[in-house]
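Side chains included, hydrogens not; waters and symmetry mates left out as well; all remaining heavy atoms used.
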Amino acid sequence: IYVRNDAPGGVQFQRGDAVEVEGYSGAGGFSPLLYMTSGRKEGVAPIPPPRTLRFEEMMGGQFDAQWVRVHGIVRRCEPAEAWAGRFRLTLAVGGSLLVAHVNADVPAANLVDAEVTLDGLLFNQHNQSRQFVGALLFVPSGVPIAIDVAAPEAPFAAPVRSVASLLQFERYGRYGHRVHMRGEVVQQLPGECLWIRDGSRGLRVASRSSDIFSPGDQIDILGFATSGDYTPRLEDAVFQKTRSGPAPKPVFPEDFHTAIAHDSDFVAIQGSIVEIRRTPTDATLLLDWQGRLVPATLPLGENEPVPSA
């Protein structure tokens, strides 16, 4: 149970202390807690073994403020900017993502793509109606990160995968780990995502990287493959530019079935404008193309007019 220290005199305990506390219970923001009015240390005791949880158990809410153990693959490792801890780790756990705040110095450069075990306190995020929103893990100072399988020392030396091979059946594949891709840049939204072309296939690549590329640049990519709306995507990617090249030319699909084969690729179609929808950041043109309605989004400022033909 979570204990809020309201005792007069500022009674302080350390991790591993065996204590006796008195207080009164409260509803808490999500689960019950104890408001401590007095307490004393009785000695020291070993930390109880953590409870190993599956992701769906963490999302149930009933393990709030419990000492737990989590296994996962590190997707991101970055300095913590809010809440608690020195570093903020994002783990892939059971096909979903869990954020862990670690109050210790960690080898950030060597953790991404490593399989780790974390022991920590599970906290549940909630809204004003006391309804569960998400889970957070807090790893206190002095609790080490157990690296079960280290990340590759030279990840860009791994074999290059093709876009067509992503998320296909692999009997001996490394599920959930980064893959090495290569292609030419088609378009980029810096700090958000970019699109590449690998032969005749396109791929959307999400990344927080500040690297800036131009259309036609040849780059190597390390990222985590995930399912998109129709074709695979990469997330949490990092890049290495190998050379510059001419800007790619668009593909002109003959029909709808050809077009969907170029999902996330650079294409050009000719249609009639049926409707224009404006927002403060873009304009969506609803086109009639071969009897189908196709939305085309243009990034535009609030007062920037829609380009004319």
Side-chain angles (χ1 to χ4, degrees), residues 1-6 12-17 28-34 36 47-128 130-151 176-178 191 206-210 223-224 226 235-238:
I1 187 172
Y2 177 73
V3 179
R4 177 171 171 174
N5 189 350
D6 289 336
Q12 298 294 322
F13 300 122
Q14 295 181 350
R15 185 170 179 272
D17 288 347
F30 178 75
S31 62
L33 55 75
L34 179 70
M36 187 179 78
I47 303 297
R51 183 194 298 264
T52 301
L53 297 182
R54 302 187 306 273
F55 185 81
E56 56 267 29
E57 292 176 314
M58 289 184 281
M59 295 297 108
Q62 64 266 45
F63 294 102
D64 188 38
Q66 298 297 304
W67 184 244
V68 303
R69 173 168 290 172
V70 177
H71 303 280
I73 299 173
V74 179
R75 292 277 297 266
R76 293 193 295 270
C77 181
E78 53 206 344
E81 298 179 353
W83 201 62
R86 300 181 189 176
F87 282 88
R88 184 179 188 269
L89 271 63
T90 302
L91 303 181
V93 181
S96 300
L97 299 180
L98 174 71
V99 172
H101 289 260
V102 180
N103 194 25
D105 291 326
V106 299
N110 300 324
L111 274 185
V112 175
D113 204 27
E115 296 182 28
V116 301
T117 297
L118 299 182
D119 293 346
L121 292 163
L122 186 68
F123 289 99
N124 291 322
Q125 297 174 301
H126 55 274
N127 61 23
Q128 294 182 348
R130 299 172 56 85
Q131 295 169 317
F132 178 84
V133 174
L136 285 173
L137 189 70
F138 176 64
V139 180
S141 178
V143 179
I145 297 175
I147 300 178
D148 304 318
V149 180
H177 286 276
R178 288 197 294 194
S207 175
R208 299 183 180 184
S209 171
S210 59
F224 297 90
T226 62
E235 295 181 348
D236 298 316
V238 294

Identify the heavy atoms of [X] and [Y] that sit nearest to each other, and give their distance.
| X | Y | answer |
| --- | --- | --- |
| T52 | E57 | O-OE1, 4.1 Å |
| M59 | A135 | CE-CB, 3.3 Å |
| V133 | N127 | CG2-N, 3.7 Å |
| P140 | G120 | CD-CA, 4.4 Å |
| P49 | W67 | C-CD1, 4.1 Å |
| D119 | V143 | O-CG1, 3.6 Å |

Would you give the length of the straight line joining atom [atom1] of [X] to atom [atom2] of [Y], rounded to the nearest 0.5 angstrom?
| X | Y | atom1 | atom2 | result |
| --- | --- | --- | --- | --- |
| D148 | H71 | CG | NE2 | 7.0 Å |
| S207 | E235 | OG | CD | 11.0 Å |
| F123 | L121 | CZ | CG | 5.0 Å |
| S96 | E56 | OG | CD | 8.5 Å |
| D236 | L97 | CG | CG | 7.5 Å |
| L111 | I73 | CG | CD1 | 13.0 Å |

Short question: side chain of D64, backbone of N124 - any donor-acceptor pair under 3.5 Å?
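Yes.
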Are any side-chain N or O atoms of R130 and backbone N or O atoms of G28, one a donor and one an acceptor, separated by less than 3.5 Å?
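The answer is yes, because a donor-acceptor pair under 3.5 Å joins these two groups.
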If you count heavy atoms of other groups shown closer than 6.0 angstrom to [atom1] of [X], is the number above 12?
| X | atom1 | value |
| --- | --- | --- |
| Q14 | CD | no |
| F55 | CZ | yes |
| R51 | CZ | no |

Would V93 and M58 satisfy side chain to side chain contact (heavy atoms under 4.5 Å, CB included), going step by step from the backbone distance to the final call?
CA-CA 10 Å; V93 181; M58 289 184 281; 4.1 Å; yes
Show your working on side chain to side chain contact (heavy atoms under 4.5 Å, CB included) between I145 and L118 and close with a plain yes or no.
CA-CA 6 Å; I145 297 175; L118 299 182; 3.6 Å; yes
One pair to check against side chain to side chain contact (heavy atoms under 4.5 Å, CB included): H126 and F132. What are the steps and the verdict?
CA-CA 5 Å; H126 55 274; F132 178 84; 5.9 Å; no
Please evaluate residues L53 and Q66 with respect to the criterion side chain to side chain contact (heavy atoms under 4.5 Å, CB included), reporting the C-alpha separation (whole Å), side-chain torsions for both, the decisive distance (0.1 Å), and the verdict.
CA-CA 11 Å; L53 297 182; Q66 298 297 304; over 6 Å; no
State, yes or no, whether a side-chain contact exists between T117 and V70 at a heavy-atom distance under 4.5 Å.
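No; the side chains remain at least 4.5 Å from each other.
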